[in-house]
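Hydrogens, waters and symmetry mates play no part in the numbers below; they use all other heavy atoms, side chains included. In this text the structure is predicted, and so the values were computed from the model without any measurement. Numbers for residues simply follow the sequence, beginning at 1.
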Amino acid sequence: MSKNERTEAARLPSPVGSAAANTVIDAFALARKGDTVQGTVPLVRLARVVEGLPEQPGGEAGLVRWSVRGEIGKGVAKTGIAAGQPLLHLHVQASPVLVCQRCNAPFAYAIDSRTVLQLVESEDELDDDLSLDAQDPDLADSLPEKVVGSHRFDLLAQVEDELILSIPYVPRHDECPGAQAKDGDAPQAPAAERPSPFAVLEQLKHKD
C-alpha cells in the first residue's frame with residue numbers, strides 16, 4: 001500500500017469495540033516519557049482484520065502480540081521534519097490464517113511488523129505528507145507515518161490498522177504443499193544447467 005493510502009487510512013475511524021477499552025492512552029505523554037506499553041489480543045476480536053478471512057484459531061496461535069514505545073524524535077537526516085516531534089514505535093506480531101490464491105488451501109501467514117508513527121495534533125498536518133510525496137517520493141517513504149494523536153489515543157485501533165496493511169492482497173504459499181508446478185510456474189533450471197549465452201555465441205562463430 002502506498003504512502004498516500006496509508007495516510008488516508010489514518011483519517012478513517014477505527015472502531016474495535018470494547019476490546020480497545022484498556023488500550024486507550026495519552027499518546028503525547030507516552031512519547032514524552034519514553035514509556036512502553038504492550039499486550040496481547042485474540043485476533044478474532046479485531047473485526048476489521050478478520051472480515052473475509054477463514055476461521056481463525058484460538059489459543060496461543062490466534063493471539064496478536066503488540067508493543068508501543070514512545071520517543072521524542074531527534075530529527076530525520078537532512079530534513080529535521082521529525083525533530084522534537086512525538087513518535088510511537090509500533091511492533092505487531094500475528095499469524096492470521098489466509099487462503100492461498102494459488103492452491104486454495106488455508107495457511108498461517110506470519111506477520112512481524114515494525115513501524116514508526118509521528119503524532120500530529122490535527123488532520124491538516126496529515127496533508128504535509130501528500131505534498132512531500134509529489135516533491136520527493138523516496139524521501140516521503142523514509143519518514144514516519146503521521147497519525148492524529150490525542151490524550152485518549154486508541155492503541156488497539158493502530159494495531160488493527162497495521163495488521164490490515166500487512167496482509168497481502170493476493171496471499172500465496174511460498175511453495176504450495178503437494179502441488180505440481182503449473183505451466184508457466186515451473187522454476188527455471190539452475191544456472192549451472194543452462195548453457196552460457198557466451199558459449200552459444202562462440203559455437204555460432206565456429207559454424208561460420
Connected via hydrophobic side-chain network under 4.5 Å: Leu163 and Val50: yes
Close side-chain approach of Leu119 to Val147, heavy-atom, < 4.5 Å: yes
Result of checking Val68, Thr115, Asp112 against His91 for side chain to side chain contact (heavy atoms under 4.5 Å, CB included): Asp112
ILVMFWY cluster, Val37 and Leu156 together (side-chain gap under 4.5 Å): yes
Stepwise side-chain contact (heavy atoms from CB on, under 4.5 Å) test for Asp161 and Arg48: CA-CA 9 Å; Asp161 286 344; Arg48 291 188 298 130; 2.9 Å; yes
Pairs meeting criterion side chain to side chain donor-acceptor pair (under 3.5 Å) with involvement of residues 34-44, two or more places apart: none
Side-chain heavy atoms of Lys146 within contact of Pro144, under 4.5 Å: no
4.5 Å side-chain heavy-atom contact, Arg32 and Pro86: no
Gap between atom CG of Leu46 and atom CD of Gln56 - 0.5 Å precision: 10.0 Å
Within one Ile-Leu-Val-Met-Phe-Trp-Tyr cluster: Leu98 and Ile164, side-chain cutoff 4.5 Å: yes
Partners meeting side-chain hydrogen bond (donor to acceptor under 3.5 Å, both in side chains) with Gln101 (sequence neighbours left out): none
Point-to-point distance, once rounded to the nearest 0.5 Å, from CD of Glu160 to CG of Leu43: 9.5 Å
Ring pair (Phe, Tyr, Trp, His ring centres under 6.0 Å) pairs, two or more places apart, involving residues 149-178: Phe28-His151, Phe107-His173
Where Ala110 and Ser95 come nearest, the two heavy atoms and their spacing: CA-OG, 4.0 Å
Pairwise distance CG(Asp26) to NZ(Lys33) - rounded to 0.5 angstrom: 7.5 Å
Transitive ILVMFWY side-chain link Tyr109 to Val64, under 4.5 Å: yes
Where Leu88 and Gly70 come nearest, the two heavy atoms and their spacing: CD2-CA, 4.1 Å
Joint cluster assignment, Leu53 & Leu63, ILVMFWY side-chain distance < 4.5 Å: no
Contacts of type side chain to side chain contact (heavy atoms under 4.5 Å, CB included), residue Pro106, not counting sequence neighbours: Val97
Minimum-distance pair of heavy atoms, taken over all atoms of Cys176 and Arg102: SG-NE, 3.5 Å
Sequence neighbours excluded - ring pair (Phe, Tyr, Trp, His ring centres under 6.0 Å) pairs with any residue from residues 35-56: none
Results of salt bridge (Lys or Arg N to Asp or Glu O under 4.0 Å) for Arg65 - residues two or more places apart only: Glu60
Atom pair CD/SG of Glu175 and Cys100 - distance to nearest 0.5 Å: 11.5 Å
Spacing of Glu162 atom CD and Ile167 atom CD1 [to the nearest 0.5 Å]: 11.0 Å
Pairs meeting criterion ring pair (Phe, Tyr, Trp, His ring centres under 6.0 Å) with involvement of residues 35-73, two or more places apart: none
